[in-house]
Structure formats: structure tokens, C-alpha cells
2 protein chains.
Amino acid sequence: MAPKPDVSEVRKNQIIQAAINVFTRQGFHGARMDDIVEESGLSKGTLYWYYKSKEELIISILDHIFAGEFAKMEALKNENISARQGLHKFLEAYIAELQKMLIFAPIIYEFYALAFRNKTVRVVMQRYLHTFISIVEPIIQYGIDNGELRDVDAHQAAIALGAQLEGTLLLWAYAPDILSLEDQLRSGVKLLFDSIIISEDFEIFENGGENASL
Amino acid sequence: MAPKPDVSEVRKNQIIQAAINVFTRQGFHGARMDDIVEESGLSKGTLYWYYKSKEELIISILDHIFAGEFAKMEALKNENISARQGLHKFLEAYIAELQKMLIFAPIIYEFYALAFRNKTVRVVMQRYLHTFISIVEPIIQYGIDNGELRDVDAHQAAIALGAQLEGTLLLWAYAPDILSLEDQLRSGVKLLFDSIIISEDFEIFENGGENASL
DNA sequence: CATAATAAACTGACCGGTCGGTCTATTATC
DNA sequence: GATAATAGACCGACCGGTCAGTTTATTATG
């Protein structure tokens with residue numbers, strides 16, 4: 001059936017990686033297909049053999065970047081531990097994941113801009129945010145129900161947490177001179193939780209986020 | 001000097017408004033100069049008479065949108081009132097201003113993406129964030145010094161506040177179905193402040209942000 | 001009648017996408 | 001085990017539409 005060994009997965013990855021590099025450097029519009037061809041070390045014909053258009057390539061990158069994130073977030077669901085532990089574990093994982101995504105920052109903000117005029121992109125972004133809330137909100141609600149947390153609106157609190165994380169990333173991306181990303185993520189989250197948590201001496205992060213190493 | 005009545009200011013505004021409309025609908029790249037020509041009701045020659053390139057037009061819009069914001073933010077500086085009142089007043093003004101900027105949301109996120117590869121855009125965005133911090137941080141510090149607020153790091157708290165506002169706007173832009181913008185802005189900010197403020201029964205917003213009208 | 005202002009036809013660089021054709025590993029057949 | 005047939009993989013010159021920016025002619029006004 002296969003007269004030649006199947007290299008298609010290798011090629012697709014090769015192309016996606018080249019595209020990510022070029023798009024990160026030059027933006028979706030500034031990047032020419034010929035640039036991606038050059039970066040990949042393949043030919044234009046081969047690129048188009050695997051991806052039928054520039055748009056398809058962009059959407060594939062969207063999937064490539066976010067698919068793993070969904071899986072990782074979902075994996076953190078449904079652990080029957082305390083709200084404190086659940087939030088701690090989730091936030092540690094999320095912050096670690098954010099660090100890894102920093103290299104994609106220019107592409108991610110490009111996606112945010114694209115989302116306003118491309119349905120597919122918009123849907124993925126929405127799913128990302130929904131997934132986040134669907135994990136954090138139940139943990140907070142659980143904490144409220146069992147007396148660990150104050151009786152706040154779990155939904156609003158979950159969104160506030162998401163906003164804090166996304167907003168911190170945004171501020172850091174444009175004004176890295178005024179904040180250390182990891183420190184600020186921890187201290188911002190700590191401020192939010194100090195208002196929710198009932199036990200006064202609780203620290204969501206070991207060091208209280210005051211002088212975490214970046 | 002002017003054999004004809006000087007209409008240049010009128011024309012520039014006419015063109016900027018048309019450009020904002022078209023860019024909002026179609027994005028910076030999707031918008032053609034001919035589209036802006038059509039929207040403005042002028043001709044291409046006239047457009048290029050006032051703006052020498054597409055880029056100059058984009059930068060002018062950047063200035064147009066943010067110039068007013070700087071002025072408004074600066075106007076709120078140096079009012080010797082309590083931290084509580086200062087923050088209240090600033091946040092009310094900021095939230096009101098945000099509402100007015102919502103129509104530009106697609107353009108603003110386009111600017112965020114552009115900032116990664118355009119120095120001018122990056123500098124304006126940075127100045128915007130710096131200005132925000134330079135107003136909020138002293139108010140918080142003042143509150144700490146006079147005992148109104150807990151002894152937190154004023155700089156980190158100011159950034160956390162900025163992140164909360166920007167992050168909420170971002171979440172709302174992409175998932176308006178899960179939050180009411182104004183409610184969430186108020187409740188998110190309230191959560192942050194509940195952890196900073198010393199007096200237990202203080203409400204930064206009259207209604208505590210629980211059921212504000214949108 | 002000088003000139004700011006306007007109109008609209010025009011130009012050409014650029015770039016996404018195509019297409020005719022080639023290469024080579026594998027398999028079927030004798 | 002030689003060879004013909006097959007098909008997936010690959011190449012790069014080229015095409016054609018698009019669109020930012022230019023040119024040139026005209027108009028209106030003080």
C-alpha cells in the first residue's frame with residue numbers, strides 16, 4: 001500500500017515548526033510562504049502538498065498550540081482534594097505551562113486579533129477560556145461549600161482569577177520592565193485569594209509570592 | 001496663505017473616522033486604502049494628500065485613540081484625598097472610559113499584536129501601562145502610609161489591579177457569554193481590594209459589585 | 001491667476017497559489 | 001532476481017490578481 005515509507009507526519013511537523021518560527025518573527029501577514037519554505041528546508045510544492053493554503057497552516061498552528069493545553073487542563077479536573085490543594089496544584093501547573101508558552105506570545109496575540117474576524121480562531125479561544133473556568137469554578141465552589149472559602153460568587157471569582165493571570169501576562173508582554181512575570185503572577189493571585197480564604201495565615205504559594213525566584 | 005478655507009482638520013478627522021470604521025470591520029491588513037477612500041466619501045488623492053502612507057494612518061489612529069486616554073488619566077493625578085476616595089474615583093472614571101473604548105476593541109487587540117514588531121506602537125502601549133501604574137501606585141502607597149490599607153507592596157498591587165482590569169476586558173472580548181463586563185470589572189476589583197483594605201465593611205463600589213447594572 | 005484641494009486613472013512590486021514534470025521506494029509478475 | 005508498474009513525495013518556474021502608492025488633470029477660491 002505504501003510504496004515509500006510514510007514521512008508525512010515528520011514533514012507536517014517540520015513545516016509547522018518552520019511556520020511557527022517565521023510567524024513569530026514576522027507576523028501572519030509579514031510572513032511569506034516562501035519564507036516558510038526556506039525555513040523548512042523543503043520546497044514550495046512540498047509545503048502545498050501538506051497544507052493547502054496559508055490559512056490552513058495558521059489554523060493548524062492554532063490547534064498545535066492549544067490542543068496540548070486543553071489536554072493538560074482537563075487532566076487536572078476531578079481530583080477530590082481540598083480547594084486549597086486543588087487551586088494550588090492547578091495554579092502551579094498553569095504558571096509552569098504559561099512559561100512554556102511565552103515563546104509563542106507574539107503568535108498568541110496575533111490570534112487574539114484574528115479572533116475578531118475568524119470564526120474558527122474565535123471558537124478555539126472561547127473554548128480555552130471556558131475550559132479554564134470549568135476547572136477553577138467547581139474547585140472554588142467546593143471550597144465555599146466545605147467552609148474553606150468565604151461565600152463569594154464562585155463564577156465571578158473564577159473569572160477574576162483568569163483575568164488576573166491573562167492580564168498579568170499581557171502587562172508583562174508589553175511592559176516587562178515594570179514586573180517580573182512569575183513574581184507578579186503569584187503575588188496577584190495571592191492578593192485575590194487573601195480576600196477569599198477564611199484561614200488568615202494561609203498561603204497559596206509556599207513563599208507567599210513576595211520573593212519567588214523568577 | 002490659504003486661497004481656500006482651511007478644511008484640513010475637518011478632512012483629517014473625516015479620514016481618521018473612516019479608517020477606524022474600516023479597520024474595525026476588516027482589520028489592518030484586510031482593509032484596503034480604497035475601502036477607506038470609499039468610506040470617507042473622498043478620493044484617493046485627497047487621502048494621500050493628508051496621510052502619506054497606510055502606516056502613517058495607522059499610527060495616527062493609535063495617537064487618536066490613546067492621546068485622550070493619557071490626558072484623562074493624568075487629570076486624575078495629584079488629588080489629595082483618601083486612598084479609598086482616590087481609587088474609587090479613578091476606577092469609576094477608568095471603567096466609564098473602558099466602556100467608550102469598547103467599540104475600538106478589535107483595533108486595540110490589533111495594536112497589541114502589532115506592538116511586537118513596531119517600535120512606535122510598542123512605545124505607546126508601554127506609556128499607557130506606565131501611566132496607569134504611575135497613578136494607581138502612589139494612591140495605594142498613600143493608603144498604606146496613612147493606615148487605610150494593609151502593608152502590601154504598592155507596586156505589585158497596582159499591577160495586579162491593572163492586570164485585573166485588562167484581563168477582564170480580554171475575557172469579555174472573547175467570551176462575552178460567561179460574564180457581564182461591568183459587573184465583572186467591579187466584582188474582580190472588589191475581590192482584590194477586600195484583601196488590601198483594613199476596614200472590613202468597606203465597599204469600593206456603592207453596591208459591592210454584586211449586582212451592578214450593566 | 002496662484003495654489004490648495006480634489007478626482008480618478010494608472011503602475012508595478014509583490015506574493016499566494018498552481019502545475020507540469022521528476023524521483024524513488026515498494027510491490028507484482030514472470 | 002530482473003523489471004515493469006504504481007503512487008506518494010517532491011520540486012521550482014511561473015501566473016495572475018491585488019493593492020499601496022503615484023501621476024496628472026481639473027476645480028474652486030481668495
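Each chain gets a letter, A, B and so on, in the order its sequence line appears, and its residues count up from 1.
Atom CG in B:D35 sits roughly 12 Å away from atom C1' in D:dA20 (whole-Å rounding). In this structure, CG of B:L42 is placed 12 Å from P of C:dA5, rounded to the nearest angstrom. In this structure, CZ of B:F28 is placed 13 Å from P of D:dA20, rounded to the nearest angstrom. Summarising the geometry, the separation between CG on A:L47 and P on D:dA9 is reported as 15 Å, rounded to the nearest angstrom. One interatomic measurement links the two molecules: OH of B:Y51 to C1' of D:dT22, which rounds to 20 Å at whole-angstrom precision. Summarising the geometry, the separation between NZ on A:K52 and C1' on D:dC10 is reported as 20 Å, rounded to the nearest angstrom. The nearest whole Å value for the distance from the OH atom in A:Y48 to the P atom in D:dG8 is 22 Å. With rounding to whole Å, A:M33 atom CE is found 10 Å from C:dT18 atom P.
The shortest distance between the side-chain N/O atoms of B:R11 and the OP1/OP2 oxygens of C:dT6 is below 4.0 Å. Remark: B:S43 is not in phosphate contact with C:dT6, judged by side-chain N or O atoms under 4.0 Å from OP1 or OP2. Using a 4.0 Å cut-off, some side-chain N or O of A:T46 falls inside it from OP1 or OP2 of D:dC11.
When heavy atoms are screened at a 4.0 angstrom cut-off, A:Y50 is found touching the sugar-phosphate backbone but no base atom.
How far OG1 of A:T168 is from CD of B:Q164: 8.5 Å, rounded to the nearest 0.5 Å.
Distance from the side chain of A:W49 is smallest to D:dA9 among C:dG16, D:dG21, D:dA9.
Atom CZ of A:R25 has more than 12 neighbouring heavy atoms from other residues, nucleotides or ligands inside a 6.0 Å radius.
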Expected rows: protein N/O vs nucleotides 10-14 of chain C N/O, under 3.5 Å:
none

Apply the test ring pair (Phe, Tyr, Trp, His ring centres under 6.0 Å) to residues A:Y174 and A:Y109: give CA-CA distance (whole Å), side-chain angles for both, the deciding distance (0.1 Å), then the verdict. CA-CA 11 Å; A:Y174 298 101; A:Y109 285 101; 5.6 Å; yes
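Between A:F70 and A:F132, a ring centre-to-centre spacing not shorter than 6.0 Å is recorded. For B:F23 and B:F104, the distance between ring centers is not under 6.0 angstrom.
Considering A:L170, A:L91, A:V136 as possible partners of A:L165, the one that fulfils the side-chain contact (heavy atoms from CB on, under 4.5 Å) test is A:L91.
The pair A:K100-A:E69 does not count as a salt bridge, with every side-chain nitrogen at least 4.0 angstrom from each carboxylate oxygen.
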